[in-house]
There are 2 protein chains.
Amino acid sequence: MKVTIKDVAREANVATSTVSRVLSDNPRISDETKKRVNEAIKKLNYKPNPIARSLAKNETRILGVVLPSDANDLLANPFFINAMKGMSMYAQSKNYYITYAFSKNEENEVENIKEMTSSNLVDGVILLRVRENDESVRYLKDKKFPFVVVGRPEYPNEVLWVDNNNFQAMYKVVNQLIKKGHRKIGFAGAMKNLNMSRDRFEGYKKALEMNNIEFDENLVVHKDEFKEYEGESACKDLLQNKDITAIVTIDDLLAFGVLKELRRQKIKNIAVVGFNNTQLAQHQKPPLASVDINADKLGYQATKLLIQTLEDNKESETTHYIVDTEFVERKSFISNK
Amino acid sequence: MKVTIKDVAREANVATSTVSRVLSDNPRISDETKKRVNEAIKKLNYKPNPIARSLAKNETRILGVVLPSDANDLLANPFFINAMKGMSMYAQSKNYYITYAFSKNEENEVENIKEMTSSNLVDGVILLRVRENDESVRYLKDKKFPFVVVGRPEYPNEVLWVDNNNFQAMYKVVNQLIKKGHRKIGFAGAMKNLNMSRDRFEGYKKALEMNNIEFDENLVVHKDEFKEYEGESACKDLLQNKDITAIVTIDDLLAFGVLKELRRQKIKNIAVVGFNNTQLAQHQKPPLASVDINADKLGYQATKLLIQTLEDNKESETTHYIVDTEFVERKSFISNK
DNA sequence: TTGTAGGCGTTATCAC
DNA sequence: GTGATAACGCCTACAA
């Protein structure tokens with residue numbers, strides 16, 4: 001009942017190898033038989049069995065995605081779901097499948113990766129987050145298993161990765177604030193040890209420098225976590241500077257906290273900017289301007305990079321890809337006139 | 001380099017078939033050799049190749065999930081991501097993999113399903129939504145391909161499905177409102193043709209009936225879509241009833257609209273209840289009480305049902321499973337004293 | 001250009 | 001109990 005390559009061969013009066021060659025577009029095959037085979041394929045509605053093919057070719061065209069243990073955070077913002085969509089889109093266009101594994105905790109995460117890489121089921125792995133000194137990355141690198149990460153890893157030249165230009169994104173935001181007349185711009189960060197955090201901070205500093213505004217340490221606060229209460233606290237700290245007119249943050253949650261504190265103090269003339277353009281941003285009072293990191297593109301490009309290296313036997317030249325950010329201007333982005 | 005069953009056989013001085021038997025816990029095998037084989041497995045760190053196994057057994061242990069074309073809606077509420085988590089959890093516990101396909105539009109959705117079911121790559125399919133007269137369901141049913149749907153389908157006895165008890169959920173909500181002193185309770189629905197909508201409406205009516213409150217058509221509004229503006233409009237309609245003290249809706253978006261309209265009219269003494277407990281519910285003014293449908297459990301149980309029927313050759317008795325809802329009480333759930 | 005035959009790593013069906 | 005051996009469906013030398 002299941003139609004196999006043999007059935008096609010019989011129907012077209014050729015050998016199975018010939019059918020196989022037609023399937024793989026082998027050049028040395030006569031148009032005549034090619035046509036006959038294709039007709040037989042159509043007539044029998046034959047579809048090659050990917051499992052058998054995988055076994056013979058030792059490749060599955062399946063990609064594995066391991067969701068970090070702290071995926072709960074991801075549930076709150078659209079990053080994950082958008083990245084997933086992007087990944088699926090590219091994978092589908094190239095006839096790849098994607099399988100996901102949710103990890104319960106950090107330990108379990110590495111376990112999942114070990115399982116995936118040693119299972120012979122996936123050709124490559126996509127990681128949606130990098131930690132510093134990331135055990136998953138180290139493991140995959142050591143094992144020389146094909147993988148790509150979203151976010152800049154520690155050895156950017158030895159690992160495939162895709163990321164935003166966080167430096168530039170923040171640079172632009174601050175630059176625009178300055179153009180709008182702001183001079184005293186506060187910075188609220190957290191998780192200082194993440195590359196991402198550092199880059200955004202550097203972008204902030206550079207923008208000031210390029211506009212001949214002196215960097216002022218009092219206008220900078222680094223908190224521990226991306227939480228709303230940290231934002232509130234940061235806001236209080238920054239308000240010590242009486243003449244402050246804007247606060248940039250490196251995460252929407254921090255920005256939410258800032259807005260909350262400003263509301264409580266009934267301060268309305270300070271501009272606030274967030275990062276990640278989470279769903280709640282537009283529902284803040286006032287609606288929060290935020291930098292969209294284009295998660296779908298991150299997922300798309302990550303998958304593209306991985307599949308390309310999987311298919312080119314030669315080591316591809318490009319080891320990374322930068323995805324544009326997009327500044328979403330909303331009410332909180334007021335000017336200082 | 002890759003260690004196969006042959007290596008293990010050689011190491012343990014047995015035939016490959018013996019190793020295979022140990023692997024599958026075949027009873028007629030001596031403890032002695034079983035031990036020897038297991039040692040060899042451990043020593044060589046052997047893992048069976050799932051692809052080869054799939055080919056031989058004609059089953060892949062991979063489940064396919066097709067995301068409906070209107071998945072954009074899903075991005076807004078946590079349903080999809082939670083369901084996905086639930087699916088993964090159960091699948092992983094049973095050593096199954098899950099692969100996802102995003103559909104661009106409705107047509108593409110059926111295409112994806114055809115592709116999946118004819119590809120020999122997945123053993124079963126999970127659908128996260130049912131339409132009325134659902135083409136995907138019909139196709140799968142006709143083809144006798146194993147599948148499960150989240151939501152009650154048209155032929156509940158011929159299809160595996162998992163759903164909430166929408167009738168009961170709404171019944172309870174209305175019952176509680178009545179206990180809180182409400183008598184004039186408005187109903188704001190939409191998408192009347194969905195089973196889900198009808199069930200919730202029936203629950204509403206039943207609760208009134210059981211409490212000897214006469215059903216009043218003027219207190220009922222059915223709109224077309226689950227949109228905020230529909231909620232606003234419904235609210236205006238319902239406010240024609242001057243003595244109304246509560247409004248139940250069958251979706252958070254409708255409820256958001258109701259709250260918006262109430263705010264505009266500065267009405268504060270009307271209770272409002274939503275459905276789905278979306279992320280924005282808690283951020284409404286006032287925070288919206290809502291019924292949580294436990295999407296993760298829906299996903300978990302759907303997967304469980306599917307895998308169980310996949311493994312029991314006998315047709316399993318149970319064709320469906322009901323997942324509890326959970327009423328999340330918030331400020332909008334005021335009493336009428 | 002096409003066919004033959006062996007192999008991919010398992011499982012299943014026979015024998016013994 | 002255990003061991004050969006033939007599938008599973010496809011690909012790929014090697015021949016012809």
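Letters A, B, ... are given to chains in the order of the sequence lines, protein chains preceding strands, and every chain is numbered from 1. FYI, side chains are in, hydrogens and waters are out, and symmetry mates aren't considered; it's all heavy atoms of this structure.
Qualifying side chain to side chain contact (heavy atoms under 4.5 Å, CB included) partners for A:Asn49, counting only residues two or more places apart in sequence or in other chains: A:Ile51, A:Ala52, B:Asn120. Take A:Tyr46 and apply the ring-ring contact (aromatic ring centres under 6.0 Å, His included) test, not counting sequence neighbours, and it matches no residue. For the salt bridge (charged side-chain N to carboxylate O under 4.0 Å, His left out) test, no residue two or more places apart in sequence or in another chain qualifies with B:Arg53. Under the rule for a salt bridge (charged side-chain N to carboxylate O under 4.0 Å, His left out), B:Glu111 has no partner lying at least two apart in sequence or in another chain. Here B:Tyr300 pairs with B:Tyr90 under the ring-ring contact (aromatic ring centres under 6.0 Å, His included) rule; sequence neighbours left out. By the side-chain hydrogen bond (donor to acceptor under 3.5 Å, both in side chains) test, B:Asn112 is found to be paired with B:Ser103, residues two or more places apart in sequence or in another chain being considered.
Of the residues near DNA chain D, B:Leu55 and B:Ile29, the one whose nearest nucleotide (by heavy atom distance) lies more toward the 5' end is B:Ile29. Residues A:Arg28 and A:Thr16 both approach DNA chain C. Their nearest nucleotides, taken by heavy-atom distance, put A:Arg28 toward the 5′ side.
For the helix from C:dT1-D:dA16 to C:dC16-D:dG1, the end axes, each set by the C1' atoms of five terminal pairs, are bent relative to each other by 40° (nearest 10°).
Across all strands shown, A:Thr4 has heavy atoms under 4.0 Å from sugar-phosphate atoms exclusively, and none from any base. Residue B:Asn13 is in sugar-phosphate contact alone, with no base atom involved, counting any heavy-atom pair closer than 4.0 Å across all strands shown. Note on A:Lys34: nothing from the nucleic acid sits closer than 4.0 angstrom, heavy atoms only. Across all strands, A:Thr33 comes closer than 4.0 Å only to sugar-phosphate atoms, never to a base (heavy-atom distances). Across all strands, B:Asn58 comes closer than 4.0 Å to no nucleic acid atom at all (heavy-atom distances). Counting any heavy atom pair closer than 4.0 Å across all strands shown, A:Val14 reaches sugar-phosphate atoms only and no base atom.
Residue pairs meeting the ring pair (Phe, Tyr, Trp, His ring centres under 6.0 Å) criterion with at least one member in residues 128-156 of chain A: none, sequence neighbours excluded.
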Solution key, residues 7-15 of chain B side-chain donor-acceptor pairs under 3.5 Å, sequence neighbours excluded:
unit_1  : atom_1 : unit_2  : atom_2 : d
B:Asp7  : OD1    : B:Arg10 : NH1    : 3.4
B:Asp7  : OD2    : B:Thr4  : N      : 2.8
B:Glu11 : OE2    : B:Lys43 : NZ     : 2.8

Compile the donor-acceptor pairs under 3.5 Å between side chains in residues 23-30 of chain A and protein atoms, sequence neighbours left out, one pair per line.
unit_1  : atom_1 : unit_2  : atom_2 : d
A:Ser24 : OG     : A:Ser20 : O      : 3.2
A:Ser24 : OG     : A:Arg21 : O      : 3.3
A:Asn26 : OD1    : A:Arg28 : N      : 3.1
A:Ser30 : OG     : A:Thr33 : N      : 3.2
A:Ser30 : OG     : A:Thr33 : OG1    : 2.9

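The footprint of chain A on DNA chain C, defined by a heavy-atom cutoff below 4.0 Å, extends from C:dT1 to C:dG9. For DNA chain D, the span of nucleotides reached by chain A at under 4.0 Å from its heavy atoms goes, 5' to 3', from D:dG9 to D:dC14.
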